[in-house]
Q: 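Before anything else, here's the structure in question.
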Number of protein chains: 4
Amino acid sequence: MIEMTMAERKAFNKREKIIKSAIKIVNRRGYSGTTMEEVAAELLMTKGSLYYYFKNKSDLMFQCNSIVLLEAQEDLKRVLLDESLSIKKRLQEMVFIHIHYAIEENEVFNLIMRPEQLFSEEQLEEVLHLRDEYAAFFDKIIAKGIETKDFNTEDPIMLRMFILGAMNWIQQWYKPNGRLSKKEIQQRFWNYILKLLT
Amino acid sequence: MIEMTMAERKAFNKREKIIKSAIKIVNRRGYSGTTMEEVAAELLMTKGSLYYYFKNKSDLMFQCNSIVLLEAQEDLKRVLLDESLSIKKRLQEMVFIHIHYAIEENEVFNLIMRPEQLFSEEQLEEVLHLRDEYAAFFDKIIAKGIETKDFNTEDPIMLRMFILGAMNWIQQWYKPNGRLSKKEIQQRFWNYILKLLT
Amino acid sequence: MIEMTMAERKAFNKREKIIKSAIKIVNRRGYSGTTMEEVAAELLMTKGSLYYYFKNKSDLMFQCNSIVLLEAQEDLKRVLLDESLSIKKRLQEMVFIHIHYAIEENEVFNLIMRPEQLFSEEQLEEVLHLRDEYAAFFDKIIAKGIETKDFNTEDPIMLRMFILGAMNWIQQWYKPNGRLSKKEIQQRFWNYILKLLT
Amino acid sequence: MIEMTMAERKAFNKREKIIKSAIKIVNRRGYSGTTMEEVAAELLMTKGSLYYYFKNKSDLMFQCNSIVLLEAQEDLKRVLLDESLSIKKRLQEMVFIHIHYAIEENEVFNLIMRPEQLFSEEQLEEVLHLRDEYAAFFDKIIAKGIETKDFNTEDPIMLRMFILGAMNWIQQWYKPNGRLSKKEIQQRFWNYILKLLT
DNA sequence: GATGAATGAGAGTTCATTCAT
DNA sequence: TATGAATGAACTCTCATTCAT
């Protein structure tokens, strides 16, 4: 979107590679369990080098969080604005997307449990802002559905929190080879959600 | 329940006091943010002394988890077995209890996010067992409700996971002086749950 | 002066031992050249142990500075209040004391060159306060001498700065086996100072 | 003085620019507080480039020191050799020059507090040599003054050390907006010095 | 000439854990 | 029982230095 020289692009790519790597580690070890050393090792770098790309650990963690959230937002937005789909279908897609991220990017997703402890004030503000934006996508489609009488509920905000909570929690018990596949979970959760909304 | 000498009882009490203190700290700082130092300080002890009562930090954390879960189990059991109440009423009470714990004992409750990282294999087994037991209380009442036609759902296990997830997540956004009081949240969540079950 | 239990006294002594050790290192390496590692090694401890006694490096450095300055203040005060000595004799003694410290405790004395960079605001305030107090001892005896007509000068503050500066600088060139001994330097400097004051 | 090709001259100029920049930083941050990064940033370069012009940090610091000292020497020499001025007047000018440098180039001037720590043996030798040369200018004019009976003192070397020390120390307490201006300080210090010399 | 990138040694700091008393 | 003291491993972060391009 923004013009970059070759060198800038290269640096940008490297930064992204690091973030992707860090995301993997965070998903395995959690935030405080992740060490700069391990992130570096995964990339065959030395930890000192990471500081060329990121101010400090908290900065790196912050960017991990942002990148995942922004990606998910992109996916949601595409569906939200796709007028070829019915309201219900759109929400369903969004639910599927959310569950996908909750399962695949379990720790990093919107799941920093105590972000106040990890992030600087400035970062925290943006983290919370990103989360709000994310949630707003769901609010929007629900509001539309209420307008069109597809959905019906009082206090849609609280209901959205109920629903997102249920989905976020999946990562706590999901196991790749469990009784139900990701697809089946998505389908059943969607059924519950639909029931709540009508 | 078990016979104890005076000395044993004294030690037992002390252990409990330490756990209660630790729970407070964990709720404030999270697991990895909790230091033995701070736990000891809260009790006007030195951290060395803690090791007389607990093998190590992980042991202390484990007991924190257990005590909260056992307490909550006690509360649930009392309601579950109270035949003077209707099935629905009983589940409602249980929901209220669960939300109460999720809010008041937010971090410790059933919420060690990645227990594999914190606990030894042995401990982990028990942690997971306790969780299962806990969840089973809900399964039981739901099963009863299905029998009596109070409730109606296929795959009650999955639905229970949906519901517990939604409730567990409350701690992520609950603020003591938020728009809705604990009581109001309990009520609304109960409404949603009832809708899902009928 | 203050009541202490055995244990407290022991800790106090240890702390003092560490400070004394640190002072040696600082005199050898300068402030930023001093590492916690080396201070610990000198005492056959590990650097981690230092943190049992001092909050951080800056705290240790601060206490080094304070202890030397306070000791020197004690020495000065004893002379200043010794009414059995003439004013001139008292100032002479004080000059000798100052030169002694400047030579023997060269780096730590009042000589942190850029204290703003090393100390926290709080510490800095006390450091500067201690320095001011120290200088005030000289101001007092000079003021007395002016009263008694022993001394004669306008702007005694500026003159005191001139004199202390000259003495402080000794550490920059003093060598134990140089042309003049400490005693001779003290005597000559006193001659110059007397000339300036009369 | 020495023939240079265009390219050499260009490099020479660049080197000087870097030194000037470095001097600024050193005056602000002290020797060990100065980073190659910051020096480079001030010049909109990258720190890697500095190594094209200087072997290492110590080399750069060394040249900073030299350049300031050589400049000051130039100034002193001009006055020293100006036979149109009286001996006293000449010394007065030299004192003013010295105080000027002590205030304006506070950290770099002759003030590397522990040069043994920073410089290689080779460099150290030259640093000390430059300092001696510098001091010798003062020795020369004082010697002349003694010859002409303008001044009178035994051990003029020691007295010169006393005087230079007093002046060097100014940087420890001088503040741009203090009670006395630079000019006033220069005047008073000159009065003291004159008193010492007659 | 200049730079982006990487390195590696070492610094300060934290903290669970141990143990003699 | 309790503690003061010490430890050591691990961690974050800094920075002078190098080098291919």
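Residue numbers begin at 1 in each chain, while the letters A, B, ... track the order of the sequences. These numbers come from a predicted model, not from an experiment.
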Q: Determine, for A/R131 against A/E125, whether the closest basic-nitrogen to carboxylate-oxygen distance falls under 4.0 angstrom.
A: no
Q: Pick the nucleotide of DNA chain F nearest each of C/L44 and A/S32; which residue has the one closer to the 5' end?
A: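 First, find each residue's nearest nucleotide; the 5'-ward one identifies C/L44.
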Q: Given that A/M45 and C/T34 both sit by DNA chain E, which one's nearest nucleotide is further toward the 5' end?
A: A/M45
Q: With a 4.5 Å heavy-atom cut-off, do D/R29 and D/K24 have their side chains touching?
A: no
Q: Considering only F/dG8, E/dG4, E/dA16, which nucleotide approaches the side chain of B/T35 most closely?
A: E/dA16
Q: Round to a whole Å and report the spacing from NZ of C/K17 to P of F/dA5.
A: 12 Å
Q: Tell me, do D/L60 and D/N56 make a side-chain contact under 4.5 Å, heavy atoms counted?
A: no
Q: So do the side chains of A/E38 and A/R28 get within less than 4.5 Å of each other, counting heavy atoms only?
A: yes
Q: Grab the CD1-C1' distance between D/I25 and F/dC15 for me, whole Å please.
A: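 Atom CD1 in D/I25 sits about 15 Å away from atom C1' in F/dC15.
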Q: With hydrogens left out and only the distance checked, is there a donor-acceptor pair under 3.5 Å joining C/K10's side chain and the base of F/dG4?
A: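 No such pair is found, so the answer is no.
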Q: What's the CZ-C1' distance between A/R9 and E/dA5, to the nearest Å?
A: 19 Å
Q: What is the distance from CG of C/D59 to C1' of E/dT13, rounded to the nearest Å?
A: 13 Å
Q: Taking atom C1' of F/dC11 as reference, at what distance in whole Å does atom CD of A/E38 sit?
A: 13 Å
Q: Check whether any side-chain heavy atom of A/E16 lies under 4.5 Å from a side-chain heavy atom of A/I67, and answer yes or no.
A: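 Touching, per the 4.5 Å side-chain cut-off.
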Q: Distance check, rounded to the nearest 0.5 Å: D/D59 atom CG versus D/Y53 atom OH?
A: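 Answer rounded to 0.5 Å: 14.0 Å.
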Q: Looking for any heavy atom pair under 4.0 Å, which part of the strands does C/K47 touch: base, sugar-phosphate only, or nothing?
A: base
Q: Checking A/Q123 against A/S58: is there a side-chain donor and acceptor pair closer than 3.5 Å?
A: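 Yes.
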Q: Fill in the dot-bracket string of DNA chain E, one character per base: . for unpaired, | for a pair to another strand, ( ) or [ ] for pairs within the strand, taking Watson-Crick or G-U pairs under 3.5 Å.
A: .||||||||||||||||||||
Q: Which of residues 48-57 of chain A have a heavy atom under 4.0 Å from DNA chain E?
A: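 The answer is A/G48, A/S49, A/Y52, A/Y53.
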Q: If you check every side-chain atom of C/T46, which of F/dT3, F/dT12, F/dT7 has the closest atom?
A: F/dT7
Q: Could you check how far CE of B/M36 sits from P of E/dC19, rounded to whole Å?
A: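 Computing the B/M36:CE to E/dC19:P distance gives 16 Å.
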Q: Could you check how far CZ of A/R15 sits from C1' of E/dA6, rounded to whole Å?
A: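 Value for this atom pair: 15 Å.
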Q: Would you call C/E71 and C/K20 a salt bridge, using N to O less than 4.0 angstrom?
A: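 A salt bridge links C/E71 with C/K20.
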Q: Whole-Å distance between F/dC15 C1' and D/L60 CG?
A: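 D/L60 atom CG is separated from F/dC15 atom C1' by 15 Å.
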Q: Are C/K57 and C/M61 close enough that some pair of their side-chain heavy atoms sits under 4.5 Å apart?
A: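 Of all side-chain heavy-atom pairs linking C/M61 with C/K57, at least one is under 4.5 Å.
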